[in-house]
Number of protein chains: 2
Amino acid sequence: MNRRTHGTRERILDVGLDLVQRRGINGMSFQDLSDAVGIRKASVHHHFASKTDMVAALLDRYRTHFGREIRPILGSRKPAAAKLKTYFGLFADTLEQPGNDKGCLCGMLAAELLSLEAENVEQVRGFFRENYRFIEQILNEGRSDASLAFAGDTAAMARLVFSSLEGALLVARCDGGPRSMKATLQSLLGLLSPG
Amino acid sequence: MNRRTHGTRERILDVGLDLVQRRGINGMSFQDLSDAVGIRKASVHHHFASKTDMVAALLDRYRTHFGREIRPILGSRKPAAAKLKTYFGLFADTLEQPGNDKGCLCGMLAAELLSLEAENVEQVRGFFRENYRFIEQILNEGRSDASLAFAGDTAAMARLVFSSLEGALLVARCDGGPRSMKATLQSLLGLLSPG
DNA sequence: GTCTATATAGAGATAGAC
DNA sequence: GTCTATCTCTATATAGAC
């Protein structure tokens with residue numbers, strides 16, 4: 001990270017993202033941010049008055065970055081099944097980061113939902129819904145181009161797919177690691193494949 | 001809860017289970033236990049020297065109770081698909097408890113895995129593995145009695161099913177609630193059904 | 001924008017009386 | 001088995017100097 005183009009505020013968010021993905025919101029503190037960034041706790045508070053503010057900024061940035069990752073997937077001319085596989089890879093990649101101990105930011109926060117301010121809860125829900133919509137679109141494409149096959153309602157299936165991704169990350173992070181994660185996602189793709 | 005047959009230790013565990021399922025391990029304190037049970041913090045420490053001890057007892061009891069719930073399912077003479085549906089119901093029931101805000105005890109702890117002592121981590125893993133084995137057995141039965149149909153490895157599919165259950169609970173607790181949870185589980189049953 | 005210093009509250013845990 | 005009292009540490013957050 002270049003400190004010229006990457007101000008203190010951004011560096012705090014980098015560290016904050018890492019900490020929340022590993023330890024959860026109740027498992028990290030401003031002192032942890034302070035230690036990792038190399039400035040004092042009071043200086044962290046200068047950038048983010050409260051933990052809620054920090055999490056709000058974290059979620060905001062996370063969702064922006066996430067949007068930049070999924071838009072090109074939708075726009076590509078691959079079959080829907082291939083798009084889905086690419087999308088699944090984003091979740092597998094999370095667990096493959098050093099330590100093999102990172103969860104989905106929003107999955108971690110969803111577990112600690114009752115510790116969050118209403119503002120942050122809405123942001124997490126927004127992320128979830130964005131994902132359902134994205135998956136639903138791919139599922140519809142997949143039925144059209146015949147690269148995917150399944151019975152029943154597309155919206156309900158989209159929720160199931162997203163739930164499975166979040167669950168696979170939660171479970172594999174605890175037991176099995178990236179290998180297990182990939183095998184699980186492969187099984188899910190199998191269930192949605194024709195024939 | 002009858003206080004004659006239900007000693008203080010058990011009452012602490014009742015409250016502890018409730019608190020961890022709602023708030024997570026880092027979101028609850030011995031003070032919370034003390035308040036809810038109606039004794040002082042020091043008295044809670046008399047029964048459980050540390051938080052790790054309390055969580056160990058919690059997981060021990062949880063797994064025992066869980067075993068008593070799933071054994072009769074396996075022993076019944078229903079088709080495998082019906083057994084699976086009954087098992088799924090255990091997860092749906094969790095979210096239907098008052099408040100609609102309880103998660104799976106082990107799912108919550110899995111999210112906060114890096115805050116746990118190694119002893120507790122192993123207990124959570126043990127619960128997960130017990131579930132994979134249980135599901136795998138039902139999936140094998142389902143292939144035999146033709147009430148279930150799917151391609152690929154049974155062990156990997158069992159992991160996927162369990163991951164989906166944990167994920168469905170995590171996601172529906174945050175967005176959608178019990179109705180959404182049930183619809184999601186229904187979609188999963190659909191994917192595993194023949195025809 | 002970062003610092004020192006501090007306020008205030010809560011955490012986990014222990015000693016020892018009853 | 002429960003209590004009061006206390007220890008020690010850490011948490012979030014703020015005031016005010018540089």
Side-chain angles (χ1 to χ4, degrees), chain A residues 1-20 22-59 108-109 112-121, chain B residues 1-20 22-59 108-109 112-121:
Chain A
M1 297 290 171
N2 185 332
R3 293 197 185 191
R4 276 225 320 286
T5 60
H6 213 72
T8 304
R9 188 188 149 95
E10 288 299 305
R11 286 193 289 136
I12 293 171
L13 289 178
D14 291 341
V15 168
L17 177 61
D18 188 283
L19 282 169
V20 177
R22 290 183 206 272
R23 307 192 181 288
I25 191 64
N26 288 330
M28 58 81 66
S29 68
F30 270 51
Q31 186 64 58
D32 296 327
L33 294 173
S34 156
D35 292 342
V37 173
I39 59 176
R40 294 298 189 161
K41 227 176 3 168
S43 308
V44 178
H45 275 284
H46 170 76
H47 295 278
F48 303 102
S50 69
K51 227 177 178 183
T52 299
D53 284 351
M54 196 273 287
V55 172
L58 212 52
L59 284 166
M108 296 295 283
L109 294 175
E112 296 176 291
L113 202 73
L114 273 58
S115 300
L116 301 183
E117 303 280 342
E119 175 189 357
N120 293 336
V121 171
Chain B
M1 298 291 171
N2 185 333
R3 292 197 186 191
R4 276 227 318 286
T5 59
H6 214 72
T8 304
R9 189 189 147 96
E10 288 299 304
R11 286 195 288 135
I12 293 170
L13 290 178
D14 291 342
V15 168
L17 177 61
D18 188 282
L19 282 168
V20 177
R22 291 184 206 273
R23 306 194 182 286
I25 191 62
N26 288 332
M28 58 82 66
S29 68
F30 270 51
Q31 187 63 58
D32 296 327
L33 294 173
S34 157
D35 291 342
V37 174
I39 60 176
R40 294 298 191 161
K41 220 175 16 163
S43 307
V44 178
H45 274 284
H46 170 76
H47 296 278
F48 302 102
S50 69
K51 226 177 179 183
T52 299
D53 285 351
M54 196 273 287
V55 172
L58 212 52
L59 284 166
M108 296 295 282
L109 293 175
E112 296 177 293
L113 201 74
L114 273 59
S115 300
L116 302 182
E117 303 280 342
E119 174 190 356
N120 293 335
V121 171

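In what follows, every heavy atom counts, from backbone to side chain, and hydrogens, waters and symmetry copies are set aside. Throughout, protein chains are lettered first and strands after them, A, B, ... in sequence-line order, and every chain is numbered starting at 1.
Using modelled atom types, one finds a donor on one side chain and an acceptor on the other under 3.5 Å when comparing His6(A) with Asp14(A).
With Leu58(B) as the fixed residue, the side-chain contact (heavy atoms from CB on, under 4.5 Å) test singles out one of Leu109(B), Ile25(B), Leu13(B): Leu13(B).
When the ring-ring contact (aromatic ring centres under 6.0 Å, His included) test is applied to Phe30(B), the partners found at least two apart in sequence or on another chain are His45(B).
Counting to the nearest Å, the C1' atom of dA9(C) and the NZ atom of Lys41(B) are 11 Å from each other. When the C1' atom of dG12(C) is taken as reference, atom NE2 of His46(B) falls 18 Å away, rounded to whole Å. Nucleotide dT4(C) holds its C1' atom 15 Å from the NE2 atom of His45(A), rounded to whole Å. Summarising the geometry, the separation between CE on Met54(B) and P on dA11(C) is reported as 13 Å, rounded to the nearest angstrom. Following rounding to the nearest Å, Met28(B) (CE) and dG10(C) (P) show an atom-to-atom distance of 16 Å. Atom NZ in Lys51(B) sits about 9 Å away from atom P in dA13(C), given to the nearest Å. Spacing between atom CZ of Arg23(B) and atom P of dG10(C) amounts to 14 Å, rounded to whole angstrom units.
At least one donor-acceptor pair under 3.5 Å links the side chain of Asp32(B) to the backbone N or O of Ser29(B). Side chain of Glu112(A) to backbone of Asn26(A): a donor-acceptor contact under 3.5 angstrom is found.
For the pair Ala42(A) and Ser29(A), both in contact range of DNA chain D, the more 5′-proximal nearest nucleotide belongs to Ser29(A).
The minimum heavy-atom distance between Leu113(A) and Val121(A), with the atom names listed, is O-CG2, 4.0 Å.
Counting 5' to 3', DNA chain D first comes under 4.0 angstrom of a heavy atom of chain A and last does so at the ends given by dA11(D) to dA15(D).
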